[in-house]
Amino acid sequence: MIEILEHGRTFHLKTRHTSRILHVTETGHVMDLYWGSRVEGDAFGYMIKDIKKASYLCGTDGDGAFRLEQYPVLYPGWGNPDLRSPAFSFCYEDGSRITDLRFDGYELRQKKEKLPGLPTLLDSGAEAFRLFLRDSVKQVCLTLEFGIFEKLDAMTQSVRVENKGDQPFTADRLMSACVSLMEDGLQAVTLTGAWGRECTRNSLPLCQGIFQTGSTRGAGGHGQNPFMALTQKGLEERDGQIWAVNLVYSGSFLCEAEVDMHQNTRFMAGIQPEGFSWRLEPGESFYSPEAVLIHSDRGLEEMTHRFHRLYRACLLRSHERRTPPVLLNSWEAAYFDFNKETLLALAKEGASAGAELFVLDDGWFGRRNGADSSLGDWTENRKKLGGSLKELAEEIRGLGMEFGLWFEPEMVSPDSCLYRSHPDWAIQVPGRRPQLARDQLVLDLSRREVQDYIIEAVDRVLSSAPITYVKWDMNRNITDWYSSALGAGCQKELGHRYILGLYRILEKLTEKHRNVLFEGCAGGGGRFDPGILYYMPQIWASDDTDPIERLEIQTGTAMVYPAVSMGCHVSASPNHMTGRLSPLSVRGVTAMEGNLGYELDLTGLAQEEKEEIRRQIHFYKEIRSIIQEGDLYRLRSAGNERAWMYVTENREQAVVSYVRILSRPNTVPGRLRLYGLDPLFTYQVQDQESGTALLRTGSSLMHIGLALPKGTGDFYGTQYTLVRSWNLPCTHLCG
Ligand code: DGJ
């Protein structure tokens with residue numbers, strides 16, 4: 001909902017529980033007065049007068065003496081005369097770099113629209129507020145667009161730049177969102193890590209200066225996620241204010257927080273300015289990607305709920321089948337070493353365990369028997385597959401499973417027919433030897449003919465066989481930035497043009513193959529972002545399938561991204577990456593934090609292990625809607641014991657998972673307090689390990705807690721299901 005106050009000078013953007021207030025000063029500057037818990041009132045301009053300027057800046061607020069340095073400028077430009085970190089910076093043909101934006105009107109729109117060429121959060125109930133700003137000297141116009149998802153307590157922000165002048169200029173920096181908080185003493189929470197250790201939660205107190213998290217890799221990368229939250233209290237789960245931003249973008253990004261000398265905190269997110277610029281000819285426009293803004297006054301838990309509900313409703317576009325299947329992936333089972341017989345033997349075991357989809361990972365095309373060849377040559381290797389893909393897919397379907405396939409379409413192996421015919425299609429600087437990573441180069445997706453080649457190649461394979469799932473991998477960062485199709489002055493556009501090209505490819509393929517579930521992957525979670533999720537509603541969270549490592553990775557990933565978007569697999573013990581031995585039970589419990597899958601050689605397992613896997617899959621199918629659609633409550637997310645639960649919206653069902661990492665002698669198992677239940681409901685609590693069932697009230701489960709099992713050995717895990725019991729009144733309970 002949007003309220004226009006103070007004769008069209010104040011704009012109050014409201015969701016159910018939050019407010020953002022913008023205000024136009026007499027000088028025409030637009031101020032970001034407030035973002036936080038919902039407030040009411042019919043005037044807020046007084047906040048500007050309340051700002052006490054430092055003595056040396058005192059003066060009238062007339063145009064000449066007006067200083068922006070201490071004001072919460074909504075979208076500050078470089079050097080004018082706010083000298084803090086700018087939201088944007090433009091360079092004009094005459095070499096000047098000052099842009100002076102003033103209010104130029106607004107527009108309310110009942111319906112939020114898709115951004116051209118960019119993934120966008122859409123919802124029939126979302127409104128949009130457009131604020132127009134203009135520089136009257138250069139005739140540069142900016143439209144700041146705010147999306148308001150009232151029921152979901154979320155907002156989005158993006159920027160459109162239009163060159164309405166008669167000279168070209170370049171944008172060197174253009175943040176999607178910039179927020180001014182008139183306070184300091186906050187902490188920055190980020191998700192950082194590395195390959196095999198993605199999305200580790202960090203919290204760092206901010207002090208005067210600039211704190212950034214970002215990437216220059218052409219993707220978000222394994223090291224940092226395009227998310228940053230400012231919090232009053234660090235990683236406080238259920239307490240304190242949180243202001244969070246998540247960029248709907250899959251390329252190099254920047255999230256930045258600046259604490260200035262007057263105790264304000266400026267917070268922004270957008271395309272990484274390092275290595276970026278965009279030339280706008282007269283009449284041209286540029287759209288920034290969208291940023292999602294979530295505020296919570298009940299700590300990280302509420303922030304997570306708001307992100308998850310928003311993404312489930314407005315980002316993860318439906319493919320024909322809503323429920324992600326339990327899959328069996330061939331990668332850790334066979335790597336490159338398979339033939340038709342071994343694949344079918346594996347698939348047979350998967351089918352009898354209850355898996356719903358068989359995924360043939362890397363190695364099915366060209367001459368690909370290792371990582372050093374054939375990327376780009378998307379033609380089935382009939383010899384290796386013992387026939388066509390179609391025949392294989394049909395045989396697998398005959399076993400009662402769907403068939404899925406791995407691709408890495410953005411890459412090319414130097415040892416490939418594609419590279420031999422089009423060496424200039426790879427990103428590399430002419431005359432220099434390019435860096436190889438995993439023996440491959442990156443295709444120049446800024447080029448239309450490369451995009452069309454990929455669309456055609458993937459489409460041809462998908463149309464040739466009954467394939468209902470694609471794993472879309474991307475296994476290296478971009479280096480050697482240069483496109484032979486771009487002029488010298490436009491080379492810094494390559495990173496963003498690459499991402500626009502990728503989005504165009506994904507738009508075309510997902511539109512044409514609506515029955516196919518696309519799962520994103522970038523050597524695991526190297527590109528886990530809302531931009532990818534818009535096209536591929538599921539992402540492989542990490543190549544690290546060790547259940548203990550996954551506890552950290554999944555806890556971090558699920559801070560922002562819902563369980564239904566997170567691919568989690570049970571793999572072999574000892575784990576191929578860490579060498580750690582762990583029981584099948586704890587591997588199952590951990591993988592059930594998201595979309596369950598298996599990735600190990602089932603044919604080599606003992607009969608009792610096969611039985612256990614069958615039970616796990618059967619159990620997961622019963623509870624998966626709770627996990628995939630429920631609210632996540634982190635019960636213990638650090639230390640030796642980890643526990644989390646998912647609760648349905650009506651609070652009638654829940655699944656609780658508990659993992660104890662190391663066994664410790666002479667300790668008494670404690671109690672686990674649950675959250676998110678209805679205190680007045682009675683629940684039947686079923687212990688999955690012992691099979692026993694208890695009746696407990698919601699209030700007792702939340703305040704007294706669930707008695708934890710003793711459990712022996714390292715790496716112990718168990719689960720409980722809770723179902724509202726309609727039969728017994730509370731007074732009959734022992735709770
Ligand atoms: C990296 C992925 O993350 C793995 O799961 C697997 O698909 C390999 N690539 C295949 O090369």
Side-chain angles (χ1 to χ4, degrees), residues 193-199 217 219-223 225 250 324 327-338 343 346 357-378 381 384 403-416 436-443 458 461 467 469-477 517-529 532 536 538-547 549-550 553-554 557 565-572 575-578 587 591 594-601:
W195 175 74
R197 288 190 277 112
E198 296 90 335
C199 281
R217 295 162 181 270
H222 298 89
N225 196 272
S250 312
L327 64 82
L328 170 62
N329 179 300
S330 67
W331 182 242
E332 287 194 29
Y335 297 102
F336 293 105
D337 186 15
F338 56 79
L343 290 177
L346 182 61
L357 167 76
F358 182 79
V359 180
L360 175 52
D361 210 283
D362 199 351
W364 58 268
F365 54 93
R367 291 180 293 105
R368 182 97 167 158
N369 290 313
D372 57 354
S373 95
S374 301
L375 292 172
D377 298 346
W378 300 107
N381 180 341
K384 189 167 178 182
F403 181 70
L405 203 57
W406 179 96
F407 288 88
E408 196 178 359
E410 297 161 65
M411 302 290 152
V412 64
S413 307
D415 178 14
S416 65
L436 287 179
R438 212 185 188 225
D439 285 314
Q440 62 200 50
L441 295 168
V442 185
L443 286 170
V458 177
V461 177
I467 297 167
Y469 164 103
V470 163
K471 179 174 174 186
W472 185 290
D473 208 345
M474 194 281 269
N475 279 302
R476 64 160 289 179
N477 298 131
L517 168 63
F518 283 75
E519 173 159 3
C521 172
R527 202 167 57 179
F528 207 128
D529 63 66
I532 291 296
M536 313 204 231
Q538 173 166 326
I539 297 178
W540 179 226
S542 179
D543 277 356
D544 187 344
T545 52
D546 179 306
E549 295 298 313
R550 276 285 183 138
I553 295 166
Q554 292 169 192
T557 307
S565 69
M566 202 163 61
C568 307
H569 297 175
V570 170
S571 62
N575 182 269
H576 293 185
M577 193 179 287
T578 62
R587 283 177 269 155
N595 293 337
L596 176 69
Y598 288 79
E599 184 157 343
L600 73 170
D601 183 6

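Throughout, numbering of the chain's residues begins at 1 and tracks the sequence. Both ligands and their constituent atoms are indexed starting at 1 by order of listing. Side chains included, hydrogens not; waters and symmetry mates left out as well; all remaining heavy atoms used.
- Protein heavy atom nearest atom 6 (C) of ligand 1, with residue, atom name and distance: Asp361 OD1, 3.4 Å.
- Inspection of the Ser330 and Asp361 side chains reveals no N or O donor paired with an N or O acceptor under 3.5 Å.
- Of all protein heavy atoms, the one closest to atom 5 (O) of ligand 1 is Lys471 NZ, 2.7 Å.
- Each of the following atoms of ligand 1 lies closer than 4.0 Å to a heavy atom of Cys521: 2 (C), 3 (O).
- When heavy-atom distances to ligand 1 are checked against a 4.0 Å cut-off, Asn475 comes that close only through its side chain, counted from C-beta outward.
- For the residues Val359, Asp362, Asp543, the heavy atom positioned nearest atom 3 (O) of ligand 1 is part of Asp543.
- For atom 9 (N) of ligand 1, the closest non-hydrogen atom on the protein side is Asp473 OD2, 2.7 Å.
- With a 4.0 Å cut-off on non-hydrogen atoms, Glu408 does not touch ligand 1 at all.
- Nearest heavy atoms, Asp473 versus Gly523: OD1-N, 3.3 Å.
- At a 3.5 angstrom cut-off on N or O pairs, Gly524 counts as close to ligand 1.
- Classification of Arg368 and Asp377 as a salt-bridged pair fails, no side-chain N sitting under 4.0 Å from a carboxylate O.
- Remark: ligand 1 and Trp331 share no N or O pair separated by less than 3.5 Å (distance only, no angle test).
- Side-chain contact of Asn475 with Glu408: a donor-acceptor pair under 3.5 Å is present, judged by distance alone.
- When heavy-atom distances to ligand 1 are checked against a 4.0 Å cut-off, Arg438 comes that close only through its side chain, counted from C-beta outward.
- Within ligand 1, the atoms closer than 4.0 Å to a non-hydrogen atom of Trp540 are 3 (O), 5 (O), numbered from 1 in the order shown.
- Contact check for Glu519 versus Met536: no side-chain heavy atoms found under the 4.5 Å cut-off.
- For the residue pair Thr545/Glu332, the side-chain donor-acceptor check at 3.5 Å is satisfied.
- The line from CH2 of Trp364 to CH2 of Trp406 is 9.0 Å long, rounded to the nearest 0.5 Å.
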